[in-house]
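These notes concern the structure reproduced below.
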There are 2 protein chains.
Amino acid sequence: MAGRINRKEILVVAMQQFSNRGYAGVSMRNIASACQLNIGSLYHHFNDKQELYLAAVQQAFTGRSAHLLAVLKSNKPPQNRLSSLIDVLCQILDEDQTFLKFVQRELLDGDERRLKYLANQVFGTLIIELNQLCRQISPQLDPVLLANTIIGMVLHLFQSAPLRQHLPGFQQEHQQPEIISQHVQQILWQGLISPHLRGSL
Amino acid sequence: MAGRINRKEILVVAMQQFSNRGYAGVSMRNIASACQLNIGSLYHHFNDKQELYLAAVQQAFTGRSAHLLAVLKSNKPPQNRLSSLIDVLCQILDEDQTFLKFVQRELLDGDERRLKYLANQVFGTLIIELNQLCRQISPQLDPVLLANTIIGMVLHLFQSAPLRQHLPGFQQEHQQPEIISQHVQQILWQGLISPHLRGSL
DNA sequence: ACAAAGTAAACGAACGTTTGATACGCTAAC
DNA sequence: GTTAGCGTATCAAACGTTCGTTTACTTTGT
């Protein structure tokens with residue numbers, strides 16, 4: 001009676017463990033005891049470790065792009081859409097560490113099957129829309145690379161946070177999603193040389 | 001006689017294995033057999049797995065920033081220095097996968113001691129110089145965040161390469177370091193809106 | 001000869017997985 | 001209203017394998 005946990009609850013626990021310590025770094029016993037569950041019971045819900053890991057990854061990814069896609073498809077002007085996208089992305093990454101860590105791990109492990117799943121099911125439609133938006137906003141740049149770069153600027157500022165703490169010049173506010181979003185947008189809109197200085201070149 | 005391997009050669013093997021599959025994903029037996037060495041011999045060179053891992057990480061990082069630092073400290077004008085830095089960084093990341101993968105893994109694992117080592121011994125002086133360069137080039141932006149963002153743009157374009165292959169709009173040339181460097185610089189110097197369009201806003 | 005570098009074999013612990021028995025929640029028959 | 005039955009969930013215990021590490025011994029280079 002104290003036990004009785006459902007599949008979804010197990011997946012939430014597995015998500016946290018796998019995203020933090022990786023596939024090989026987490027044992028079935030780790031997850032079982034974190035769920036206050038016997039290891040035999042864990043195998044009642046999932047056939048093997050691979051299946052549990054895959055389900056946890058999918059759980060972490062499902063529905064995660066819906067919000068971003070809605071922003072991209074709104075009928076505001078292109079520049080506003082990009083601005084909102086960056087805002088929302090920063091918000092999501094700040095709230096949910098799991099998502100970002102899984103993306104990093106999948107990039108590192110490089111399993112072809114799971115990368116294809118990521119590309120098609122998670123990021124596919126999102127990237128198509130973002131590519132198109134980039135083409136509209138900045139016709140002189142390669143839209144595919146630009147889309148990737150924008151995502152990368154934001155992702156890196158979040159994933160490098162643990163290191164940045166120890167780097168010279170660190171300030172607490174550099175971790176705030178609003179600050180990060182604003183900073184990225186500043187670079188994108190005006191580049192390094194502010195417009196009023198450009199004439200003097 | 002076939003055996004007889006030195007510490008440095010073991011570390012090169014360990015670097016490759018650990019960077020690709022992580023600490024928990026590689027066993028001492030894996031590394032020993034990859035060196036064509038008995039596991040006992042491995043323990044003759046390193047006291048335990050942690051020591052071997054740490055030595056492999058350090059091996060991957062040592063001297064890696066020297067080239068970048070030289071570029072930063074050259075007496076060319078600031079904009080040229082940044083341009084060269086991005087060029088060289090792209091070159092390094094293209095040649096050496098190990099370095100980037102270890103950085104990613106250290107960011108993920110978040111071990112405080114190793115992060116401090118990374119921050120102080122590997123990136124410390126580099127970041128100080130880059131911060132100062134950013135302050136010179138772009139006084140209106142936060143130099144610390146800007147330095148981090150520039151590094152992040154480049155890093156992400158390389159670490160996302162395995163995923164990008166499966167994303168819509170992929171082109172082979174998006175993997176070339178020269179193309180990536182040029183793209184990043186384009187964004188930085190002019191932003192998304194090219195100067196001749198800026199007047200129409 | 002002696003230290004350094006190699007080996008085979010074993011240690012206990014932890015791993016993924018399986019087994020067989022036990023408790024629970026529900027429905028249907030009495 | 002009780003109870004027999006049944007599928008589902010939980011459990012303790014064990015399987016064989018691999019893990020990190022140690023031991024005792026042999027080979028090698030100088």
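Hydrogens, waters and symmetry mates play no part in the numbers below; they use all other heavy atoms, side chains included. Quick note on labels: first sequence line is chain A, next is B, and so on, each numbered from 1.
Between B/Ile5 atom CD1 and C/dG6 atom P the separation is 8 Å, expressed in whole Å. C/dA4 atom P lies 18 Å from atom CG of B/Leu42, rounded to whole Å. Going from atom CG of B/Leu52 over to atom P of D/dT21 covers 10 Å, rounded to whole Å. Across the protein-nucleic acid pair, A/Phe46 atom CZ and C/dT18 atom C1' stand 18 Å apart, rounded to whole Å. Between the P atom of C/dT7 and the CD atom of B/Gln36 lies a distance of 10 Å, rounded to the nearest Å. Taking atom CD1 on B/Ile31 and atom C1' on D/dT21, their separation rounds to 14 Å, with Å as the unit. Between the C1' atom of C/dC24 and the CG atom of A/Leu37 lies a distance of 14 Å, rounded to the nearest Å. Per the geometry, CD belonging to A/Glu9 stands 13 Å off P belonging to D/dA9, to the nearest Å.
Not one side-chain nitrogen or oxygen of A/Asn38 sits closer than 4.0 Å to the OP1 or OP2 atom of D/dT10. In this structure, A/His44 reaches the D/dA9 phosphate: one of its side-chain N or O atoms is under 4.0 Å from OP1 or OP2. Taking 4.0 angstrom as the limit, A/His45 places none of its side-chain polar atoms (N or O) nearer than this to OP1 or OP2 of D/dT8.
Applying the side-chain hydrogen bond (donor to acceptor under 3.5 Å, both in side chains) rule to A/Ser84 yields the partners A/Lys76; only residues at least two apart in sequence or on another chain are considered. With sequence neighbours excluded, no residue satisfies side-chain hydrogen bond (donor to acceptor under 3.5 Å, both in side chains) with A/Asp94. With sequence neighbours left out, B/Asn47 forms a side-chain hydrogen bond (donor to acceptor under 3.5 Å, both in side chains) with B/Glu51. A search for side-chain hydrogen bond (donor to acceptor under 3.5 Å, both in side chains) contacts involving A/His174 returns B/Asp142, not counting sequence neighbours.
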Protein-nucleotides 14-17 of chain C N/O pairs under 3.5 Å:
from: C/dC15; atom 1: OP1; to: A/Ser27; atom 2: OG; distance (Å): 3.4
from: C/dG16; atom 1: OP1; to: A/Lys49; atom 2: NZ; distance (Å): 2.7
from: C/dG16; atom 1: OP2; to: A/Met28; atom 2: N; distance (Å): 2.9
from: C/dG16; atom 1: N7; to: A/Arg29; atom 2: NH1; distance (Å): 2.8
from: C/dG16; atom 1: O6; to: A/Arg29; atom 2: NH2; distance (Å): 2.9
from: C/dT17; atom 1: OP2; to: A/Tyr43; atom 2: OH; distance (Å): 2.8
from: C/dT17; atom 1: OP2; to: A/Lys49; atom 2: N; distance (Å): 2.9
from: C/dT17; atom 1: O5'; to: A/Tyr43; atom 2: OH; distance (Å): 3.4
from: C/dT17; atom 1: O4; to: A/Arg29; atom 2: NH2; distance (Å): 3.4

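Ring pair A/Phe61/A/Phe123 is tilted by interplanar angle, where 30° to 60° counts as tilted.
Judged as a side chain to side chain donor-acceptor pair (under 3.5 Å), the pairs with a partner in residues 7-20 of chain A (not counting sequence neighbours) are, in order, A/Gln17-A/Arg21, A/Asn20-A/Lys101.
Using modelled atom types and a 3.5 Å distance limit, the side chains of A/Ser83 and A/Asn80 yield no donor-acceptor pair.
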